[in-house]
Student: 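Take this structure, written in structure tokens, and hold onto it; I'll ask about it next.
Predicted model, so just to flag it, every value in this text is computed and none were measured.
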Amino acid sequence: MRRILKLHSIFIKQDLKKIMEYKVDFLLGAVGFVLTQAVQILCLGFIFAAIPALCYTVNGEVLDSWTFEEVLFIYGFSLIPKGIDHLLYDNLWGLGYWIVDKGDFDKYLTRPLSPWIYILCEKFCVDAFGDLIVGIALIVYSLCTMPADTLMAINPWRIIPILIVIPFAVSIFTSIKTGTAAISFWTKRSGHITHMCYMTNEFAKYPAKIYNGFVKTLITYILPFALTAYYPAIYLLRGEELWSIPVTVLVAAVFFVISQIVWRRGLRAYESAGS
């Protein structure tokens, strides 16, 4: 593990040197991510300008509701594990889109390092700081603008399990990308599959209860992005959904094992491609 961390730090330093050669490109990438999130938040603001709260109803009866500040908190929290995954492990997108298709994967098989570890460590995406900055800013802003009684109800001890669960939330993102990117070992290109699955995380930026049964099941257990955003965020805010903390750890472990099985079987089926 120490060797892997050392290699990762070396890759990061090399990537930062390349980035500093093209500072404008880096700035444009980071600004682009910030602007993308800003547009979505602006649309959310327009919605809440017309309604007092986001409500969950059954037969016309309101069973739960979330204020604008709470939804902003959930939205901001969702960007933290996503941003960390984007920052450290985004090279998996390249595997699905062009690395296998162009025959470039061969180089990973000639290194004295696991191809999966090499793929993960090779790229450091600094434009992910756009996600992280926006996420942290939304969390801070939402906490500062919440009613005093809501803010006082937040138990500081809930922060500890949330900090523990964040690495497992990141693992869910990485495992889903690993499993879907590994499909390219059979098909040569699988980036569109990764994109389709990955974009499901957009649903997790809002309370899971507002969706129908199918979508709720999809984002909780099948592509469990709600476990990386809504459930831990609402536990921190209200102390609700405590069950989601151990379930997130369990699901992350299961998805990691499944992704590694798919990866290894795909690696055995891999045949070099290229022109």
Side-chain angles (χ1 to χ4, degrees), residues 4 7-8 10-12 14-16 18-19 21-22 25-26 28-29 32-33 36 81-128 130-131 169-204 215 218-219 221-225 228 251-275:
I4 293 173
L7 285 172
H8 202 173
I10 292 172
F11 275 116
I12 289 173
Q14 294 304 314
D15 232 26
L16 287 175
K18 289 190 293 184
I19 290 166
E21 291 293 323
Y22 304 96
D25 183 64
F26 156 64
L28 289 176
F33 272 93
T36 299
K82 177 185 176 183
I84 295 173
D85 170 75
H86 180 191
L87 183 70
L88 299 175
Y89 311 126
D90 218 47
N91 202 34
L92 288 166
W93 286 98
L95 181 71
Y97 275 113
W98 66 81
I99 291 177
V100 173
D101 186 47
K102 292 184 176 181
D104 294 340
F105 186 74
D106 292 358
K107 76 172 183 179
Y108 298 96
L109 300 176
T110 63
R111 302 294 194 272
L113 184 67
S114 161
W116 182 67
I117 297 295
Y118 192 178
I119 284 280
L120 293 186
C121 295
E122 188 179 32
K123 191 174 182 180
F124 184 70
C125 295
V126 291
D127 52 4
D131 278 337
V170 174
S171 177
I172 289 175
F173 278 93
T174 308
S175 296
I176 290 174
K177 288 200 298 188
T178 296
T180 54
I183 296 173
S184 64
F185 290 136
W186 290 282
T187 64
K188 305 306 179 188
R189 289 177 65 92
S190 64
H192 56 290
I193 299 175
T194 304
H195 183 79
M196 180 180 66
C197 294
Y198 195 80
M199 291 308 293
T200 309
N201 82 87
E202 294 295 321
F203 290 106
V215 174
L218 174 67
I219 64 175
Y221 300 109
I222 301 174
L223 295 171
F225 292 116
T228 71
V251 168
V254 170
F255 268 69
F256 176 78
V257 171
I258 292 173
S259 70
Q260 290 303 304
I261 292 173
V262 175
W263 175 272
R264 290 174 185 176
R265 291 188 177 180
L267 205 56
R268 288 198 296 267
Y270 169 73
E271 295 179 353
S272 183
S275 56

Student: Does Leu95 reach the side chain of Thr194, with side-chain heavy atoms less than 4.5 Å apart?
Tutor: no
Student: What closest approach, in Å, do Ile176 and Pro224 show between heavy atoms, and which atom pair accounts for it?
Tutor: CD1-CD, 4.2 Å
Student: Do Asn91 and Tyr118 pair up side chain to side chain, a donor and an acceptor below 3.5 Å, judged on atom types alone?
Tutor: no
Student: Kindly write out the residues that satisfy side-chain contact (heavy atoms from CB on, under 4.5 Å) with Ile183, not counting sequence neighbours, or none if the list is empty.
Tutor: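 Only Thr187, Ser190, Ile193 meet the side-chain contact (heavy atoms from CB on, under 4.5 Å) criterion with Ile183.
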Student: Taking the ring centre of each residue, are Phe185 and Phe105 less than 6.0 Å apart?
Tutor: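 Yes - the distance between ring centres of Phe185 and Phe105 falls below the 6.0 Å cut-off.
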Student: Decide yes or no for Thr200 and Ile219: does some side-chain heavy atom of the first lie under 4.5 Å from some side-chain heavy atom of the second?
Tutor: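 Touching, per the 4.5 Å side-chain cut-off.
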Student: Mind jotting down which residue pairs meet the side chain to side chain donor-acceptor pair (under 3.5 Å) criterion with at least one end in residues 256-269? Sequence neighbours excluded, please.
Tutor: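 Of all non-adjacent pairs touching residues 256-269, none passes side chain to side chain donor-acceptor pair (under 3.5 Å).
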Student: To check you understand the geometry: which heavy-atom pair defines the closest contact between Thr174 and Tyr89, and what is its length?
Tutor: OG1-CD1, 3.3 Å
Student: State which residues pass side-chain contact (heavy atoms from CB on, under 4.5 Å) with His192; sequence neighbours excluded, sorted by chain then number.
Tutor: none
Student: Which residues satisfy the side chain to side chain donor-acceptor pair (under 3.5 Å) test with Ser184, sequence neighbours excluded?
Tutor: none
Student: By side chain to side chain donor-acceptor pair (under 3.5 Å), which residues pair with Thr178, not counting sequence neighbours?
Tutor: Trp116
Student: CH2 of Trp98 to CH2 of Trp93: how many Å apart, nearest 0.5 Å?
Tutor: 10.5 Å
Student: Residues two or more places apart in sequence or in another chain: which of them pass side-chain contact (heavy atoms from CB on, under 4.5 Å) with Met196?
Tutor: none
Student: What closest approach, in Å, do Gly179 and Val262 show between heavy atoms, and which atom pair accounts for it?
Tutor: O-CG1, 3.6 Å
Student: Evaluate the side-chain contact (heavy atoms from CB on, under 4.5 Å) criterion for residues Phe203 and Leu218: first the C-alpha distance (whole Å), next the side-chain angles of each, then the deciding distance (0.1 Å), finally the verdict.
Tutor: CA-CA 10 Å; Phe203 290 106; Leu218 174 67; 5.5 Å; no
Student: Got a sec, which residues hit side chain to side chain donor-acceptor pair (under 3.5 Å) with Tyr198, two or more places apart in sequence or on another chain?
Tutor: none
Student: Measure the shortest side-chain to side-chain distance between Glu271 and Lys188 over non-hydrogen atoms and say whether it is less than 4.5 angstrom.
Tutor: yes
Student: Atom NZ in Lys82, atom CG in Asn201: separation rounded to 0.5 Å?
Tutor: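 Going from NZ on Lys82 over to CG on Asn201, the span is 4.5 Å.
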Student: Return the set of residues passing side-chain contact (heavy atoms from CB on, under 4.5 Å) with Val257 (not counting sequence neighbours), or none when no residue passes.
Tutor: Ile261
Student: Check salt bridge (charged side-chain N to carboxylate O under 4.0 Å, His left out) between Lys177 and all other residues, then give those that pass, not counting sequence neighbours.
Tutor: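 If we apply the salt bridge (charged side-chain N to carboxylate O under 4.0 Å, His left out) test to Lys177, skipping adjacent residues, the hits are Asp85, Asp90.
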Student: Within the 4.5 Å heavy-atom criterion, are Ile99 and Tyr108 side-chain neighbours or not?
Tutor: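 They are in contact (side-chain heavy atoms under 4.5 Å apart), so the answer is yes.
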Student: What are the two closest non-hydrogen atoms of Thr228 and Pro81, and how far apart are they?
Tutor: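 Where Thr228 meets Pro81 most closely, the heavy atoms are O-CG, 3.4 Å.
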Student: Which pair of heavy atoms, one from Gly191 and one from Tyr97, lies closest together, and at what distance?
Tutor: O-OH, 3.3 Å
Student: With sequence neighbours left out, write down each residue that passes side chain to side chain donor-acceptor pair (under 3.5 Å) with Ser171, or none if nothing qualifies.
Tutor: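 For Ser171 there are no side chain to side chain donor-acceptor pair (under 3.5 Å) partners, ignoring immediate neighbours.
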